[in-house]
Structures are given as structure tokens and as C-alpha cells.
Amino acid sequence: MPDVLAVPIEHQFDDATQQREAATMGMWLFIATEILLFGGMFLGYTAYRHAYPSAFAEASRHTLIAFGGTNTAVLLISSTVMAFAVRAASQNRRKLLGLLLFVTASLGVLFLVIKGLEYAHEINEHLLPGRAFHIDAADPQHAELFFYIYWLMTGVHALHVTIGVVLITFFAFRAWFRDAFRNHDTPIELLGLYWHFVDIVWVFLFPLIYMIDRHS
Amino acid sequence: MTTATLQAAPQPRPLTKPTYLADGKTIRSWLLTTDHKRIAILYMISITLFFFIGGAAATMMRLELLTPQGDLVTSETYNKLFTIHGVVMVWFFLIPSIPTVLGNFLVPLMIGARDVAFPKLNLASWYLFMAGGAFAVFSIITGGVDTGWTFYTPYSSTYANGHVIAMATGIFIAGFGSIATGLNFIVTIHKMRAPGLTWFRLPMFIWTIYTTSLILVLATPVLAITLTLMALERAFGVGIFNPAMGGDPLLFQHLFWFYSHPAVYIMILPGMGVVSELIPCFARKQMFGYRFVAYATVAIGVFGFLVWGHHMFVSSQSIYAGMIFSILSFAVSVPSAIKVFNWTATLYKGSIRFQTPMLYALGFVGLFTIGGLTGLFLACLAVDVHVHDTYFVIAHFHYIMVGGMVMGYLGGLHFWWPKITGRLYPERLAKLSAVTIFLGFNLTFFPQFILGYLGMPRRYPVYAPEFQVLNVFSTAGASILAVGYVLPLAYLLWSLRWGRVAGPNPWQATGLEWTTSSPPPTDNFEKTPIVTEGPYAYDAQAAEAELEAGHA
Amino acid sequence: MRFVGSFLFPESASNLAPNVDHIYLALLALSTAITILVLVVALFFCIRYRRGSKADRTPPKGTPMRIEITWTLIPLLIFLGLFFWAAEEFFAMSRPPADATEIYVVGKQWMWKIQHPDGRREINELHIPVGRPVKLVMTSEDVIHDFFVPDFRTKQDVVPGRYTTEWFTPTKPGKYHIFCSQYCGTDHSRMVGWVYVMEPAEHARWLQRQPAPDSLVAQGERAFHSRGCSGCHVQSSAIHAPLLDGIFGKPVPLKDGSLVIADEQYLRDSILLPNKQIAAGYEPLMPTFQGQISEEELNAIIAYLKSLGDQPRQEGER
Amino acid sequence: MNEPSARTYLFTGIALLAFLGLTIAAAYVNLGPLNTGVAMAISFAKGALIVLFFMHIRYSKPILWVFVGAGFFWLGIMLVLAMSDYMSRGWN
Ligand code: HEA
Ligand code: HEA
Ligand code: CUA
Ligand SMILES: [Cu+2]
């Protein structure tokens, strides 16, 4: 058990347990709002995929499944590492925690790099909606709609990843150099929750974007 | 007033700590405060400001509508006025009103906590709110926006004039303030209740704030993403609502109303909560059907998410979806009915006093009932086809939002004013203004029901001459209403200095907030209270007995 | 009573108006009754149990479950009744009769453009004979509008990119407001007009006073040739394209295996977004006509394609 | 709080990667209209693993289960009711 005395308790709380449970609950509520934030875009996706199934299938085949698949693996691994980091924090293993956080953040950066390459490729191929958009498809208009949604959802997701990477790096430094989370691992746990959530979003995005109709 | 009636409330101990108002006098101590009570005051000042901005827009609209020609302002200006009015009143006044002012002040006090769970986040919410407000004011000053508060695409994303993106950004930012507030309240209510304060011992106000927070947390992000999509479409010319791309303008409406219908319950539930405090106190009665009212509150919050499509009956949404949304709208009305009946029944065998807060509460019940019942007209498919987007709708929601929620807010403000400031307001003047508001309100908005059924469309600065008479009535009413609203502002400010000192519990009310001094110290309670009984332990017979014995 | 009626109700000038008014009146009666009930009971309690009054205040015991359930169930049942009544009427309102005159309406900022089947056009005015059902087929060139005739108790949004319909049978000659009731920008409140409902004889005279252009079908047929549609959609064409005779209202098998009914929307999409749905057995060769054909010309072409629908689908050249 | 063991984490991670392989493999098999359903089912399984083990919900108080559920439940409301419009538009 960590040394409870070392946890600073804010004045509105009675004890460490209350403080910790409140923070965790707050984070989960935040995640619920995030689900609905992405939910709005998922509704757009569902409605249009239902309306233009063949255009979506065709457009989806223009996405780079190798990149998407690798990225899924990268995020899943980073989530696993993050889980170990949270564990290290609760065991007060400061160096291990710092290290694991660095690994997590690096995997996040790797994800962003791969995503960036993919974006660059797509811009070259004129798959960024707008004036320059061009696609060899039977129904270019609705393929463009697909790509609009694709850019939107992956973009918002990438924004979340970026925020996560920044936070994780920051926390990693604080763990390594300051030992900031000794007996006080709640922030790391919350960070972990956030990161896992970002991972879950991708787990759903991946098949919806890259694999609508790969078998034909 | 005697203290003998305070059976429920233990005697407050003499004050040893400074009140929260005296705890630091500098501007800095206010702007950097994390005290929920001070943050409540910050909100109170801000939303009052916004109310008068929205009210000024309403005043100009009503003046324009005196004549059918559209001669006071141009159509374009008028369109900007109702947009400003709607946006400011909804997002910068009514949604924050009771939750952020009374909610912030009272939630910790009512549950016996020292503060909310995340005080810094609470202050951040206010800054987000003000930043959002700054964007909104910026877009108003630099030329306004003419989309209506509903921002329907493709008008807003392609054709509209003005700073739509700035306005949307303002709402977006303020929205995150709301989310943070809601999150804070939910965690606070779950985790910070005093020992013994079980869920079914909570005051009804807490139940309503809890449910409201749930809606804030689950609905607002959808608004955020919807406005983002609209703004992106406007900025880059491509987007998912654009019919030229095969997009569906109705998708915007689905997303918008998925937020905005639940949001109307954000704008009424807290008012219901206030009324549920006021009626038992001034009738000296236990609340009738406490558990049912609590369940009804949660039911309104949850079912409220199922009915948004009733704003889209004639939008070319599928008629079958229309039917689903219609029947669900009727269903969501049932819990409201339960509440109205229970409030009425609470009066039975009470010992009723008619002080200002009670007048507001009774006004609320009457006007909410009318507003709600006319909501049923709108939920009725065939009737809505005729009255959709007419003044009938305008009258419906002003009856609920102004007649209901604003009355509830004013009632609550008067009721807890002594707790907030330590001073009593002048009772006679307050009663007078309550009656003025009630009369002015009905004169303003009742004629609009008739106008609506006659077919006068909303958002019309120029209208057919046969509608003029009723519009003149309405404008006349609005001027009375304006007087009614300026009065409280004046005498409440006056009372800060010259009002009678209130004492901890001027209404002999139950509830933990009345057990501490007025105004409360920064930490709220000398010692964490322990709760041993349910709310509203009032006794009408004892109150009468005392009256007979010659006290009070 | 008549006087009061004219103050509270708009003219009742269509087949729909009396039905809507009946539901409205029922709601009004119910709401008034409930409001009065609540108010009277509240007022009674307020007076009887005002502070200091001599009244029996022995506290009632607990909360009777039966009361709560009663006032939950009764409103629920009333609501269900109201729902079915209004939904049935709504359903009827969205089902135009087969013999209705089809009139095309195009909304744009800020006017109404109207095309009659005989090819006549009007702006912000609609002349129709009394007693004949009318079906409006509406679309918009820019933003969402709404075609609202209070005296007919009907309205319907007019949405860009698709067709919406609205129907009524005018029952009383007269002059009635058209309002645009979906906010559409600066002159939304000036996007108004009149419906003139005329006795058949008078309507015939009105028709005579107007220059008689080609019928809408004839206009459509001309466009069908001048736009080059006929270059492909004939038997003799080098390009393998479907014949369009008798297509309207029939199920069309699509390439992806599904079946759609060829309604106005389908025809519109086939012309503007030809690759959205590809007819089975054909290559996606048709060019898009988006941005080239105005809404009104499109309406004419659709009217023409529909007129082909009157004939049985036949092989060979016309 | 009782924490899951390192082994649990490791197995969860491996299971997630296995599911990823399965998703990709399944996408190349023609299951007709079932493809999307299968892909979504696997995604839900992956999400559940993460929520239960990595995010410790399996070891948390019931109230958190409720909050997790609420997010998805409300998302469900949105999708189902809005799609009820889109699906029934063409009915006649
Ligand atoms: C606080 C705000 C608020 C609240 C609480 C409500 C509550 C309700 N609203 Fe309202 N509404 C708005 C604010 C609100 N509304 C706004 C702002 C708009 C317009 C938005 C815009 O377009 O700009 C609107 C528009 C609106 C429409 C769309 C109209 C249109 O544009 O065509 C509809 C349609 O169904 C509707 C219905 C209802 C219903 C059924 C309720 C119900 O919840 C009401 C329930 C209450 C009661 C029913 C009264 C109490 C019951 C009884 C006393 C018992 C009755 C007993 C029997 C009948 C037996 N509202
Ligand atoms: C949410 C809360 C809310 C509140 C409190 C109000 C309050 C009022 N509203 Fe409003 N209203 C809306 C929400 C609200 N409204 C919404 C959402 C719309 C739809 C917008 C849209 O279509 O997009 C609307 C639309 C709307 C219309 C229809 C416009 C149209 O469609 O053409 C009208 C017309 O009468 C109106 C009137 C009023 C009046 C007279 C008040 C009165 O109660 C206001 C009384 C207050 C005052 C009169 C202020 C008193 C002070 C002064 C007068 C001093 C002035 C100060 C200075 C100049 C410094 N409102
Ligand atoms: Cu067109 Cu309003
Ligand atoms: Cu609503």
C-alpha cells in the first residue's frame, strides 16, 4: 500500500479515497462527453454510408489499409504499455514509470508520423476534399463525402492523440526527474484512461474507414 | 420571527470565521477565487448583463413589430436582433441562470460540503463562459449574425451574412464551460454528500441539478461538434451538410436538436427544482409525493433525449420518424404532469404564506402549465403542420422559458437572497414587481398564441396588416414586463446596503443551507453536518399553533 | 360566435382545415379544462389553507400510491388518444390523391416560382380552381424555404437537393396568403404571395387571358432533345442506355442488386448525380447535368419523363 | 484498489493484437452484408477488453459501470432514432 499520508488532500475533501474516487469519476464523465462528441461524426458517417453504400465502399478501397492496420497495432501496443505505466505508478517505480511513459509517447508520435505520411499520400492523390479533389470512382461526389468524413474523423482523432502525446511527455519528465507521482498516482491513472479512450475510438474508426468493402 | 419553529434546523453557532464576502476584498481575490459562492456571484453579475443585452434586443424587436411595414429597422437588422436575442438568452442567460448561480451557491451548501469537487475547474468554467461571451459580443458588435439561434444549414454555412464562425466559436467555448460545470456537479453530488444524506433525503433542487448536469454532459458535446461542422463547412466550402455534395441539410437539424431539445429541459428542470423548494417552505408542508417527483425529474432528463425530431415534423423528415417522435413527446409530458399535480397537492392542508418567492412559485406553476400544454399542441402532428414556425411556437416557449424558468430564477433569487447577501429585500416592492411581471408577461405572450394560429410566421419584421392589433398588445405587454424586470434590479442592489439584516434563517426553512450563518463562511459549515431525516420536515399545525400563541 | 371565430381562426379554405381545426379545438378544450382545474384547485387550497385560516390541518398520511398512479395513467391515456387522432390526420395529409393536379414550385431567395402542367408560369401567385385537389412538387435553388398557406392549414419545407410535396383541395374561392415560414435570409418576411382560388368558370377565363405556352410536357420534351438526352436514350443510339418510356413509378433494378421506385427524386438524382444509382445492365456512362440545368427546366424534363410513364413501357422507337 | 496483474495486461495486449489480425482477415472474406456486423462485433470486443482491463472497470464500483454505459447508451439513442428517419424516408 502506498503511504497515504503523503497525498495532498484538497480542502474540500475529507480523505484521499474520496479525492481519488472523485477524480476518477470526473474523468469517466469526461470520457462520456467525448463519446458523444465523436458520436455526432459517427452519425454523419452512418447516415451517409447508408445512403451511398457503393460510393463509400469504393472510396474506402482508396485508403491505405497497410498504414491503417499498422497504426492500429501501434496504438494497441501503446495502450498496453500505458497500462503497465499505470501499474508502475501505483508501485511507486519512478524510473520505470518515466520510461514506460516515454515509450507510450513515442508510439503516439509514431502513430502521428504514419498518419502524416498517409495524409501526404492522400493529398498527392487529390483525395483532400475541396477544389483539387479528384477520384477515379463511379460516383466521385459521394466519394468526396466519404473523404470529407474520413479527414474529419481522423483529424479530430489525431488532435486527441497529439494532446495525449504532449501530456504524456510532460508527465514522463515529471516522473523521471521530479518523482512527482510518488504516492500520488491518480494523475497517471487519469492520463491512462484518456489514452485508452483515444485508442478505443481508433479501434472503431479502423474498420469503418479502411475496410468497408475489401473482399471484392 | 421566532426561533421556536426551527425544529428541523439546529441553532447556528455564533460566527467565528469571516463570511465568504469578507474573506478578501480585492478584485484579485474575486477573479482568482475558487470558492463556489464567489463564483456564483461572478456568474450572477455576468448573466444579468447578458439578460439585459438579450432584453434590449427584444425591446427593439417588439418596437419594430408595432407596425406591419418594417419601418424602424431594416429586415437585415431585425434578423440580427432575433439571432442575438435567441443566442444570448439561451446560451448566455437561461442555460447558465439557475445552474450556475443558484446551483453553484447552493449545491455544496445543501449537501453539507465545503466546496464542489473541483473548485479550480469551477473557476475555469466561468472563464470559459466569459471567453465564449466575449466571442459572442465581438460578433454582435462587429456586425452581428443573421442565422437565427438555430443556425440551420445551408443558410448558415453558405448564404448568411456576418460573423457566423465567431458566434459559433463563442457558443462552442461556452459549451465546454457548461460541460465542466455539469461534470463538477455530478461528481460533487455523488461524492461529497454529508454523512446521512442519502439520495432520498436530498432536496428536490439537488435532484434537478443532478439531472440537468447529466443533460449538460451528454448533450452539449453534440452541439459542439455540430457547430464545428457547420463552421468548417462555412470556412472551406465543403462539408457534410452541403446538398451540392450529396449531403443532407436535415442531418444538421438532427444533430442540432439532439442537443437542443434536451437543452430545453436544462432550461426548465432547475426552475422546477426551485419551485419544489419554495412551495413546501411557504406552505409549511412536506412535499407531496417526494419520491414520485424525484423519479419524474430523472425521467424527464432521460426521455428528453428521445423526442428531438418533433422540431422537424415538416422538414421532410420521414413521416414515420415523425410519428415516433410525436408519441415520445407525449410520453415525456407525463412526468411534467406528475410534477404539476404534486405541487398543487402540496398546498393541501398547508399553512400558506404569500411572500414574494411564493408568488413567483405560484406564477411558475400556472405559466408552466400553459406553456407545457401548448407544447402538446405542437407535439400533435397535424396541428404542428399548421402552427410550426408561427408565433404559436414563440408563445409556447416563452411561456415556459420566461413564464417558467425566469420566474423560477427570480423566485429562487429572492428566496436565497438573504442567504447570499445577508440582507432582506423590501417585501412590498418585491410583491409589486412580481405582480407586474406576471401581468406584463401574459399581455406580451398570450396574444401570440392567437397570432400563431391565425398564421403569422415567426422571424417576420414585415407582416400582413391584419396581425397588427395583436402585435400592439404584445408590445404594450413587453413594456410593462421591462418595468417589472428593472424593478428587482434596483431594489436588490439597494438592499445590499440598506436592506434589513436577515439572520441565518429568515423563512424558517429546512435544509442544510439554512443551518449556517448568512452569508456563510468560506468553508460553509463550522463542522460537517450530520443528517438524520428527510427533507421538508415542515409542520403546518405547529406553524398555526405558533401563530395563535402570538409569535410572529 | 362567428365574429369570435374570425378573430381566433384563419379562414377555413381547404379540405384539411376543418380536420386540423377539430383537433385544435379538442386540444383547446382539454387544455382549458386542465388549466382551470389546476388553477381552481390551487386557488381553493391557497384560500382555504392560507396562514391563519381556521381549517383542518391534520397531516394526510403518507403519499397515496393510488393518486399518483391515477394522475400518471389518465394523462398517458389521453395523450395516446390525441396522438392517434393527430397521426392519422397527418398521414392523410402526406398522401396526395392520385388525380391531383401536379404543380411545380421552386423556392429561391426570395420568391416562389410556380409552373403549371399546361406550361404557364407564375411568380408569387398561384391561380387554381376550387374543388380540385392540388399537389405541389417543391424544391429549392438555394436554402430551405417553406410553403405555408394558413388558410389551408398546411405547410412543408422546401429543401434544396430534393423534392417535397404538399397537397390540398381548396374548398372556398378567395385570396389567401402564401408565407415562407422557414427562415431563409434577409427578405424572408417578403417571400410572400397569394393563392387565388377561383370558381372553375372564372379560372377558365383567367386561363384565357394568359398567353398559352407549350405545356410543361412539351417544354420538357424540347429540353430532352436540346440537352442531348435523346442522343443516348433512344433505341437507335450507339450508346447502351435505358429507354425511359414508362419508367416513372416503376421499380428499377440497380446494379448493386437493390430495387428502387423511380419517383421524382430518383429521376432528379439520375440526371444530376447519375452515378449515385446505376441501373442494372448499364455502364455508368451518363454525364452529370448538375449546374447546367435550372430547377425549372429539370421540372419540365421530369414532367415529360412522367408523361411517358402514362404509356405502357414498349420496345422500339417512338 | 485491487489491480490486475502484469500477466493480465500482457494477455489483454496480445488478445487485442490477435483481434486486429482477425478484423483484417475477416474483411477479405466475403460474408455479404455480414462483413460490417462482424467488424463491429470485433471492435466491440476490443473496446470491451480495453475498458474492462486496461481501464480497470472490471475492478471498479458499479457507478462507473453506469457512466461507461451511459456514454454508449446515449450514442445508441442518437444513432437509432436518427437512422429511423433515414431508413424510413423511402417507405411509401
Ligand atoms: C424550457 C423550455 C421548453 C420546455 C420545457 C418545452 C417543453 C415541451 N415542448 Fe417545447 N419548445 C421550446 C422550449 C421548451 N419546450 C423551444 C425553445 C422551442 C422552439 C425552438 C425553435 O424552433 O426556435 C420549442 C418547440 C417545441 C416544438 C416544435 C414546434 C415547432 O417548431 O413546430 C414542440 C413539438 O412537439 C414542442 C413540444 C414540447 C412538449 C411536448 C413539451 C413538454 O415537455 C411539456 C410538458 C408539460 C406539460 C404537458 C404541462 C403539464 C401537464 C399537465 C398539467 C397535465 C396535463 C394533463 C392532461 C393533458 C390530461 N416544443
Ligand atoms: C431563453 C430565454 C428568452 C427570454 C428570457 C426571452 C425574453 C423575451 N423575448 Fe424572446 N426569444 C427567445 C428566448 C427568450 N426570449 C428565443 C430562443 C427566440 C427565438 C429566436 C430565433 O428565432 O432565432 C425568441 C424570439 C422572440 C420573439 C420572436 C422574434 C421573431 O421570431 O420575429 C419575440 C417577439 O416578440 C420575443 C420577445 C421576447 C420578449 C418581449 C422577452 C422579454 O421577456 C424580455 C424582457 C426583458 C427586457 C425587456 C429587458 C429589460 C431592460 C431594458 C428594456 C433596458 C434595456 C437596456 C439597455 C438598452 C441598456 N422573443
Ligand atoms: Cu424563404 Cu423564408
Ligand atoms: Cu423540443
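Below, read A as the first sequence line, B as the second, and so on, with proteins coming before strands; counting in each chain starts at 1.
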### Message
Report which part of L28(C) has an atom under 4.5 Å of a heavy atom belonging to chain B: side chain, backbone, both, or neither.
### Response
both
### Task
Scan L76(C), I78(C), L77(C) and name whichever one has a side chain to side chain contact (heavy atoms under 4.5 Å, CB included) with I74(C).
I78(C)
### Query
By a 4.5 Å heavy-atom criterion (distance strictly below it), what part of L451(B) contacts chain C: side chain, backbone, both, or neither?
neither
### Residue among T150(B), T153(B), T147(B) with most heavy-atom pairs under 4.5 Å to chain C
T147(B)
### Query
Taking the six-membered ring for Trp, are the ring centroids of Y391(B) and F467(B) within less than 6.0 Å of each other?
no
### Query
Side chain of W71(C), backbone of N342(B): donor and acceptor closer than 3.5 Å?
no
### Query
chain B heavy atoms under 4.5 Å from V159(C): which part of the residue, side chain, backbone, both or neither?
side chain
### Query
Of the listed residues (P160(C), S53(C), A92(C), A17(C)), which shares the most heavy-atom pairs with chain B below a 4.5 Å separation?
P160(C)
### Task
Test F392(B) against every option in Y399(B), F449(B), F446(B) by the ring pair (Phe, Tyr, Trp, His ring centres under 6.0 Å) rule and name the one that passes.
F449(B)
### Task
Could you look at Y152(B) and say if it's the side chain, the backbone, both or neither that has a heavy atom under 4.5 Å from chain C?
side chain
#### Entry: Which atoms of F354(B) approach chain C - backbone, side chain, both or neither, heavy atom under 4.5 Å
side chain
### Query
Is it the backbone or the side chain of D142(C) that comes under 4.5 Å from a heavy atom of chain B, or both, or neither?
both
### Task
Could you tell me which portion of E466(B) (side chain, backbone, both or neither) has an atom closer than 4.5 angstrom to a non-hydrogen atom of chain C?
side chain
## Note on the structure
Pair count under 4.5 Å, heavy atoms only, with chain B: among R48(C), Q182(C), Q290(C), highest is Q182(C)
### Atom of Y155(B), atom of G185(C) and distance for their closest heavy-atom approach
OH-CA, 3.1 Å
#### Entry: Residue L347(B) versus chain C: region with a heavy atom under 4.5 Å
both
### Query
Hey, does D248(B) have a side-chain heavy atom less than 4.5 Å from the side chain of R162(C)?
yes
### Query
Is there a donor in the side chain of S351(B) and an acceptor in the side chain of R57(C), or the other way round, less than 3.5 Å apart?
no
#### Entry: Under 4.5 Å from a heavy atom of chain B, the part of D21(C) involved
both
### Donor-acceptor under 3.5 Å (K285(B) side chain, Y348(B) main chain)
yes
### Query
Who among A337(B), P243(B), A540(B), G350(B) has the most heavy-atom pairs with chain C under 4.5 Å?
G350(B)
### Message
Between Q253(B) and chain C, with a heavy-atom cut-off of 4.5 Å, which part of the residue counts as in contact: side chain, backbone, both or neither?
### Response
side chain
### Toward chain C, the part of F377(B) with a non-hydrogen atom under 4.5 Å
both
### Summary
Assert top hit (heavy-atom pairs under 4.5 Å, partner chain B, pool E88(C), E89(C), R190(C)) equals R190(C)
## Note on the structure
Per-residue tally against chain B (heavy atom, under 4.5 Å) across F179(C), Y24(C), W85(C) peaks at Y24(C)
### Query
If you count heavy-atom pairs under 4.5 Å with chain B, which of F84(C), F148(C), F83(C), F152(C) comes out on top?
F83(C)
### Query
Measuring heavy-atom distances to chain C, does Y295(B) have an atom under 4.5 Å in its side chain, in its backbone, in both, or in neither?
neither
### Query
Can the ring centroids of H188(C) and Y183(C) be said to lie less than 6.0 angstrom from one another?
yes
### Query
Quick one: what part of P249(B) sits under 4.5 Å from any heavy atom of chain C, side chain, backbone, both or neither?
side chain
### Message
Less than 4.0 angstrom from a charged side-chain N to a carboxylate O is my criterion; do K175(C) and E125(C) meet it?
### Response
no
### Task
Measure distances from E544(B) to the heavy atoms of chain C and classify the residue's part below 4.5 Å as side chain, backbone, both or neither.
side chain
### Task
With a 4.5 Å cut-off on heavy-atom pairs, point out which of A331(B), S333(B), A296(B), P335(B) contacts chain C the most.
S333(B)
### Query
Under 6.0 Å from the CZ atom of F303(B), do we count more than 12 heavy atoms belonging to anything else shown?
no
## Note on the structure
For E141(C) and Y159(B), the nearest pair of non-hydrogen atoms, with its separation, is O-OH, 4.2 Å
## Note on the structure
With chain B, the option among P75(C), S181(C), S94(C) that has the most non-hydrogen atom pairs under 4.5 Å is S181(C)
### Which portion of A55(C) sits near chain B, non-hydrogen atoms under 4.5 angstrom
neither
### Task
With a 4.5 angstrom heavy-atom cut-off, could you sort out which part of D151(C) is near chain B: side chain, backbone, both or neither?
neither
Identify each donor-acceptor pair in which a side-chain atom of residues 378-389 of chain B lies under 3.5 Å from a protein atom, sequence neighbours left out, and give them as a table.
from: H386(B); atom 1: NE2; to: Y453(B); atom 2: O; distance (Å): 2.8
from: D389(B); atom 1: OD1; to: R458(B); atom 2: NH1; distance (Å): 3.3

### Task
Return the minimal non-hydrogen interatomic distance between P274(C) and I271(C), and the atom names on each side.
CD-O, 3.8 Å
## Note on the structure
Turns out that what part of C46(C) lies under 4.5 Å from chain B's heavy atoms comes down to both
### Proximal component of T164(C), with respect to chain B [non-hydrogen, under 4.5 Å]
side chain
